[in-house]
K.L.:
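Here it is, the structure in full.
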Amino acid sequence: MTKMSKNSDTTQVSTTESSEELLNRRNFFRKAAVYSAGAVAASTVLAPTRANAQDDPNIMEEKPWATELGDPVTKNQYGQPSPYEHNVIRRTTDILSSGNMQASIAVTPIQDSCGIITPNGLFFNRCHGGTPTIDPNQHRLMIHGLVEKPIVLTMDEIKKYPNVSRVHFIECPANGGPEWRGPQFNSIQFAKGFMSCAEWTGVYIKDILRDLGLKKEALWMLAEGGDSSHMGRSLPVDKVLDDAMIVWGQNGEALRPEQGYPIRLLVPGWEGNLCVKWLARLEFAKEPFYAKEETAKYTALTKHDGKAIQHFYANEVNSVITSPCPEKPWKDLKKGEMVEIEGLAWSGMGTIKGVDISFDGGKNWVEASLKGLVLEKAWTRFSYMYKYEGKDILLSSRARDDAGHIQPTVKQERDTVGVESVYHRNGIHTWAVSAKGDVTNVQILS
Ligand SMILES: Nc1nc2c(c(=O)[nH]1)N[C@H]1C(S)=C(S)[C@@H](COP(=O)(O)O)O[C@H]1N2
Ligand SMILES: [Mo]
């Protein structure tokens with residue numbers, strides 16, 4: 001073991017420091033990683049507390065995988081996760097699909113996500129007519145309507161435009177939508193997993209339009225998919241000229257079929273349904289195009305006058321604690337032990353500024369720290385080091401963005417919107433964590 005770590009140190013570190021010195025320094029840091037119960041900082045490092053590790057057969061005995069050769073490099077020409085990760089999968093339920101798996105949703109296990117990137121195999125999949133298998137050589141994108149030079153592009157032609165890579169979440173506006181009247185799922189995956197976040201590569205539509213010449217009268221863009229549902233959606237030209245993209249890359253590889261291979265529309269921060277997959281046509285027009293029932297579907301009704309809030313497309317500032325959660329309860333914690341609370345915050349209207357945590361259902365708040373990359377219209381991870389007290393708590397998170405928005409309470413949200421909607425829920429989410437560490441999905445109305 002020592003020999004192996006020494007070797008890897010020398011290959012990775014090209015300083016004058018010898019590997020011996022490096023190891024000593026690491027051991028020093030490890031030993032220094034103690035905390036005092038009084039001074040709890042977000043930067044506290046946890047040392048393993050397990051006693052009698054020397055009696056553990058897993059450390060004393062040599063394992064079969066340490067004594068025989070492993071698989072050849074030719075085994076998985078496209079790699080797969082360890083078989084031990086077999087439970088980390090997208091999940092479906094009849095409650096969300098009425099039994100039709102071609103007009104359905106498979107939700108992301110956000111409880112298992114690390115950092116802010118969703119691996120492609122776990123990206124949530126919402127489709128209205130199944131996932132088509134499109135031959136990219138036969139796929140075309142037509143751009144027409146109120147442009148000077150309408151065109152039809154092949155995939156090779158699209159990829160000639162200068163490309164950019166951006167990290168953005170996609171969230172279905174119905175994320176959390178089944179829960180307006182109260183908790184429905186004792187599961188974070190089903191309650192909040194209608195979203196994922198990836199690094200997308202593609203071209204800004206404004207760059208293509210520079211070539212085509214957008215006419216002044218053009219106020220709306222219709223996007224249509226090449227799948228059986230077509231998913232025709234219209235969006236305002238202002239947003240198109242701001243940051244909408246046509247993307248073909250997802251986390252360093254081609255889009256997955258489920259995400260719209262070979263190309264999709266990406267409308268950063270706005271409702272996922274606008275991010276038309278298997279994109280085949282863009283038409284610029286004076287007016288939005290949509291079927292009547294779609295208008296009704298994607299607008300929010302206000303409680304008092306029954307009027308629709310039309311053309312409101314951004315996903316509002318939101319957050320959820322991913323650890324603990326119903327799927328990740330606190331286990332074997334001792335009173336006084338430190339435990340990291342983690343979660344995800346996101347806003348379709350800007351960059352996350354901060355996240356507060358409450359242990360009493362929203363009466364008192366403390367500030368969490370943001371960790372890793374903090375990017376516009378992207379998942380942002382937050383963290384708080386908590387001293388476990390072994391008592392019941394109501395654990396909530398409340399995010400703020402740089403556009404000045406803050407998550408409303410469930411009561412504030414119900415007072416303005418009522419409970420009839422299935423869209424745009426961003427009220428503060430609360431978990432009831434029992435003294436034993438079990439986690440239940442609850443809503444706090446005050
Ligand atoms: N062509 C097409 N595009 C589509 C859909 C569809 O059914 N067909 N579903 C939409 C909906 S409702 C959502 S929330 C997002 C989901 O994107 P994802 O499946 O990549 O997560 O795609 C949108 N784009
Ligand atoms: Mo959606």
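We count ligands from 1, going down the list as the structure has it; atoms in each ligand are counted the same way. Note that this is a predicted model, so its numbers are computed, not measured.
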K.L.:
Can you tell me if Glu327 and Gln189 form a side-chain donor-acceptor pair at under 3.5 Å?
P.N.:
no
K.L.:
Out of His128, Gln250, Arg256, Arg264, who is nearest to atom 17 (O) of ligand 1 when you count heavy atoms only?
P.N.:
Arg264
K.L.:
Report the C-alpha separation of Glu342 and Lys371 in whole Å, then their side-chain angles, then the decisive distance to 0.1 Å, and conclude whether the salt bridge (charged side-chain N to carboxylate O under 4.0 Å, His left out) test is met.
P.N.:
CA-CA 10 Å; Glu342 271 194 274; Lys371 63 176 187 180; 3.5 Å; yes
K.L.:
Name the one of Lys353, Glu316, Met349 that satisfies side chain to side chain contact (heavy atoms under 4.5 Å, CB included) with His405?
P.N.:
Met349
K.L.:
If you count the atoms of ligand 1 from 1 in the order shown, which ones are under 4.0 Å from a heavy atom of Cys127?
P.N.:
7 (O)
K.L.:
With heavy atoms only and a cut-off of under 4.0 Å, state how Ser229 meets ligand 1: side chain, backbone, both or neither.
P.N.:
side chain
K.L.:
Using distance alone, decide if ligand 1 has a nitrogen or oxygen within less than 3.5 Å of any nitrogen or oxygen in Phe123.
P.N.:
no
K.L.:
Find all atoms of ligand 1 within a distance of less than 4.0 Å from any non-hydrogen atom belonging to Cys275, and give their numbers and elements.
P.N.:
22 (O), 23 (C), 24 (N)
K.L.:
Counting only heavy atoms, tell me which of Arg126, Arg233, Glu224, Met195 gets closest to atom 9 (N) of ligand 1.
P.N.:
Arg126
K.L.:
Which atoms of ligand 1 are found less than 4.0 Å from any heavy atom of Phe124?
P.N.:
14 (S), 16 (C), 18 (P), 19 (O), 20 (O), 21 (O)
K.L.:
Do Glu253 and Tyr78 have side-chain N/O donor and acceptor atoms under 3.5 Å apart?
P.N.:
yes
K.L.:
Relative to each other, are the rings of Tyr384 and Phe359 parallel, tilted or perpendicular (30° and 60° limits)?
P.N.:
tilted
K.L.:
Quick check on Glu271 - does any of its heavy atoms sit under 4.0 Å from an atom of ligand 1?
P.N.:
no
K.L.:
Taking the minimum heavy-atom distance to atom 1 (N) of ligand 1, which of Asn175, Thr108, Asp227 ranks first?
P.N.:
Asp227
K.L.:
Could you tell me which atoms of ligand 1, counted from 1 in the order shown, lie closer than 4.0 angstrom to a heavy atom of Cys172?
P.N.:
14 (S)
K.L.:
May I ask you to decide whether Asp156 forms a salt bridge with Lys159, counting only side-chain N to carboxylate O separations under 4.0 Å?
P.N.:
no
K.L.:
Determine, for Trp278 and Arg264, whether the Lys NZ or Arg CZ falls below 6.0 Å from the six-membered ring centre while staying within 45 degrees of the axis.
P.N.:
no
K.L.:
Between the side chains of Gln407 and Asn426, is a donor N or O closer than 3.5 angstrom to an acceptor N or O?
P.N.:
no
K.L.:
Is a donor from one side chain sitting under 3.5 angstrom from an acceptor on the other, for Arg414 and Gln443?
P.N.:
yes
K.L.:
Suppose I only count heavy atoms of Asn125 and a 4.0 Å limit; which atoms of ligand 1 are within that range?
P.N.:
19 (O)
K.L.:
Given that the side chain starts at C-beta and the backbone is N, CA, C, O, which of these parts of Met231 lies under 4.0 Å from ligand 1, counting heavy atoms, or is it both or neither?
P.N.:
side chain
K.L.:
Evaluate Lys277 for polar contact with ligand 1, using N/O atom pairs at a separation under 3.5 Å.
P.N.:
yes
K.L.:
What part of Trp278, side chain from CB on, backbone N/CA/C/O, both or neither, has a heavy atom under 4.0 Å from ligand 1?
P.N.:
side chain
